[in-house]
K.L.:
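There's a structure below that I have some questions on.
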Amino acid sequence: MSETNRPKARKPKGFRDSFASQSMERQEMIATICDVYSKFGFELLETSCIEYVDALGKFLPDQDQPDAGVFAMKDDLDDQWLALRYDLTAPLARVVAEFGDDLPTPFRRYQHGPVWRREIKPSKDRFREFFQCDFDTVGCETMAADAEVCLVLSEAMRALGIDEFVVRVNNRKVLNGLMASLEITEPAVRLGILRTLDKLDDIRIEGVKQQLGPGRKDKSGSWNEGLHLPYSSINRVVEFLQCKMPTRRETCDAFLEFAAGSPDGVEGVNELKSIEQYLEVSDIAQEFVTFDPSLVRGLEYYTGPVFEIELPFEVKVKGKPKKFGSVAGGGRYDYLVERFTGKKVPATGASIGVDRLLAALSLLQKTKSEASLGPVVVTMMDKEQGLEYQKIVNELRDAGIRSELYLGDRKFKAQMKYADKRNSPVVVIAGSNEFEDGTVTLKNMFLGKALSQEVEDNQAWRKGQPAQSTVKREDLVQSVTDIINQVDLVTQNNQA
RNA sequence: CCUGCUGUAGCUCAAUUGGUAGAGCGCUGGAUUGUGGAUCCAGAGGUUGUGGGUUCGAGACCCACCGGUAGGACCA
């Protein structure tokens, strides 16, 4: 291949490679979350990554652009458009529609895995492939299920060691009630108002007023044209946002004034009240679950209660404090399955964004050990004796010790560097001396590192080699085990 | 997609008003025929994002494109 034709080693924007420690961290987080889901009775489901575009729903792609927002391709087999799933809820709806007769009702499942969105502008915390942990109850009307969503989310946070979080809850019907009381029917305007509510946290009440009225300049200085609502309507929206009270009950009462004229709105408030009753018997403190008028959630398919977990602590982004924000979202969607079957199948659930949470944990410094302990490395001093080294590794592995033979082609010094890079606890050294005496030399890499801090004279530490010992060949396994146990103790103490 | 900032070695960054492209870290080798982490020495590594322009001369100035980044739109 000519030089100019060589492919460039690079990965597509918005995608990531995860090496050992990061991957393990994610796996552990997923396991912790899924344990909670399982404890609440949800069962594991795995579905295919690729779905028919029409099954995924009309929410992202449309007729003219089947690949808008999703990674789509046309299948040669049947000339149909396929796409990578963009969440785990739409595939669930398909599964329920396809296999519903054989499934228990209600159907309670959890699912974790990557989802894909063709973001226009991928960035540091906005990926085109990311991981979600979903749980849903399909086929239930009762608000007990929606209250349960709050319980599950709270418990998942606690299981992860996070005790500063808020599950925000609102109800789409309450928002509909607000729209009715404003006598706004035009979908574009309704959408504009909802978007503006959602931005409350960012743009504050002043920004909301401007956005609903003439418009506003954002932080970057660009002009955002406003909705030009009449003054009375703006006032009403502002009053609605002020419904947020110290307790959930009070918030419900405040909502009621805005919903009074609208059957939909009243129903929404009653649903929230019902959720509140379940929360009360479950001893969920006001600070952990709040009813919040400014919560909207984007997805079109939500029809009732909507949820979001917010991490309220501030992080410094380039010196500026900023709320960490949302790490999970969900809600009730009563029509997703109906799209397939024509039968109304109400469902509710939520999804935790694993990657956002990982980022949060690393900011809270709650992530586990940076680098995990590597394998024991058996160095190859003398290549003629290659089979003897293999026997050593075999013994270690038979004893259940994670170990490997150095398989590179470099000098001894480089082998030590390799072991260091692998974060190896013990290096096994054997050359002509050891083979003649029937011994092996073991080096405690962690002790060696600690001792090296104090040594100043190069000659001294090279000759001394304090962190290593020569033991009888028969004692290999026992001695290696002893050193690993020591290292384990030390690293645990350092972490604590 | 809009706006601003930015692009120099693998990484972090230097380079007076336009005047010979440098350092630290990392990497490789050596001092030490068998020892990672201390110290010293040496080496490799660049068409300064790409293309055009101004100039005797451009890493620097101008234009276009491409990439990164911050904010916004959109999305969650």
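Scope of the values below: all heavy atoms of this structure, side chains included, with no hydrogens, waters or symmetry mates. Just so we're on the same page: letters track the sequence lines, and every chain starts at 1.
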K.L.:
OP1 or OP2 of B:rC74 sitting under 4.0 Å from any side-chain N/O of A:Lys199?
P.N.:
yes
K.L.:
B:rG57 and B:rG4: how far apart are their C1' atoms, nearest whole angstrom?
P.N.:
32 Å
K.L.:
Assuming nearest nucleotide by heavy-atom distance, tell me which of A:Ser326 and A:Met381 is located more 5' along RNA chain B.
P.N.:
A:Met381
K.L.:
Please check the phosphate of B:rG30 (OP1 and OP2 only) for any side-chain N or O of A:Lys413 closer than 4.0 Å.
P.N.:
no
K.L.:
In whole angstrom, what separates A:Lys417's NZ from B:rA38's P?
P.N.:
9 Å
K.L.:
Nearest whole angstrom, please: distance from the C1' of B:rC74 to the CG of A:Asp198.
P.N.:
13 Å
K.L.:
Counting only heavy atoms not in A:Glu164, do more than 12 sit closer than 6.0 Å to its CD atom?
P.N.:
yes
K.L.:
Answer yes or no: side-chain N or O of A:Lys443 and base N or O of B:rU35 forming a donor-acceptor pair under 3.5 Å.
P.N.:
yes
K.L.:
Do A:Arg109 and A:Asp134 meet the salt-bridge criterion of a basic N to acidic O distance under 4.0 Å?
P.N.:
yes
K.L.:
Take atom C1' in B:rA23 and the same atom in B:rG71, then report the distance between them in whole Å.
P.N.:
34 Å
K.L.:
Considering only atom C1', compute the distance from B:rA31 to B:rG68 and round it to an integer number of Å.
P.N.:
43 Å
K.L.:
Whole-Å distance between B:rG36 C1' and A:Lys421 NZ?
P.N.:
11 Å
K.L.:
Using a heavy-atom cut-off of under 4.0 Å over every strand shown, decide if A:Arg126 touches base, sugar-phosphate, or nothing.
P.N.:
base
K.L.:
Looking at the base of B:rG34, is there any donor atom on it, or on the side chain of A:Glu434, that sits under 3.5 Å from an acceptor on the other one?
P.N.:
yes
K.L.:
Establish, with yes or no, whether the OP1 or OP2 oxygen of B:rC75 is under 4.0 angstrom from a side-chain nitrogen or oxygen of A:Arg118.
P.N.:
no
K.L.:
Take the protein atom CG of A:Asn423 and the nucleotide atom C1' of B:rG36, then report the distance between them rounded to whole Å.
P.N.:
12 Å
K.L.:
With heavy atoms under 4.0 Å as the rule, sort A:Arg410 into base, sugar-phosphate or nothing.
P.N.:
sugar-phosphate
K.L.:
RNA chain B: A:Lys411 or A:Leu447, which has the more 5' nearest nucleotide?
P.N.:
A:Lys411
K.L.:
Side-chain donor or acceptor of A:Gln468 under 3.5 Å from a matching atom on the base of B:rU35?
P.N.:
yes
K.L.:
Determine the interatomic distance between C1' on B:rU55 and the same-named atom on B:rC66; round to the nearest Å.
P.N.:
26 Å
K.L.:
I'd like to know whether CZ of A:Phe15 has more than 12 heavy-atom contacts from other residues, nucleotides or ligands below 6.0 angstrom.
P.N.:
yes
K.L.:
Is any side-chain N or O of A:Arg195 closer than 4.0 Å to OP1 or OP2 of B:rC74?
P.N.:
yes
K.L.:
Return yes if the base of B:rG71 and the side-chain atoms of A:Lys121 contain a donor-acceptor N/O pair under 3.5 Å, otherwise no.
P.N.:
yes
K.L.:
What would the secondary structure line of RNA chain B be in dot-bracket form, counting Watson-Crick and G-U wobble pairs under 3.5 Å, with [ ] for pairs that cross earlier ones and | for pairs with another strand?
P.N.:
(((((((..((((.....[..)))).(((((.......))))).....(((((..]....))))))))))))....
K.L.:
Do A:Phe435 and A:Tyr389 have ring centroids that are under 6.0 Å from one another?
P.N.:
yes
K.L.:
Looking at the rings of A:Tyr301 and A:Tyr333, which for Trp means the six-membered one, are their centres under 6.0 Å apart?
P.N.:
yes
K.L.:
Tell me: CD of A:Glu119 to P of B:rA76, nearest whole Å?
P.N.:
9 Å
K.L.:
Does A:Phe127 have A:Arg16 sitting over its ring (NZ/CZ under 6.0 Å from centre, angle to axis within 45°)?
P.N.:
yes
K.L.:
Within this structure, what is the CZ-to-P distance between A:Phe412 and B:rG36, rounded to whole angstrom?
P.N.:
8 Å
K.L.:
Among side-chain atoms of A:Gln390 and A:Asn394, is any donor-acceptor pair under 3.5 angstrom?
P.N.:
yes
K.L.:
What's the closest nucleotide to the side chain of A:Ile429 if the choices are B:rA76, B:rG36, B:rG34?
P.N.:
B:rG34
K.L.:
Round to a whole Å and report the spacing from CZ of A:Phe127 to C1' of B:rA76.
P.N.:
14 Å
K.L.:
May I ask you to check whether A:Glu434 and A:Thr441 show a side-chain donor-acceptor distance below 3.5 Å?
P.N.:
yes
K.L.:
Between P on B:rA76 and CG on A:Leu194, what's the gap in Å once rounded to a whole number?
P.N.:
12 Å
K.L.:
Verify whether one side chain among A:Arg339 and A:Tyr335 offers a donor that lies under 3.5 Å from an acceptor in the other.
P.N.:
no
K.L.:
Classify the side chain of A:Asn433 versus the base of B:rG34 as yes if they form a donor-acceptor pair under 3.5 Å and no if they do not.
P.N.:
yes
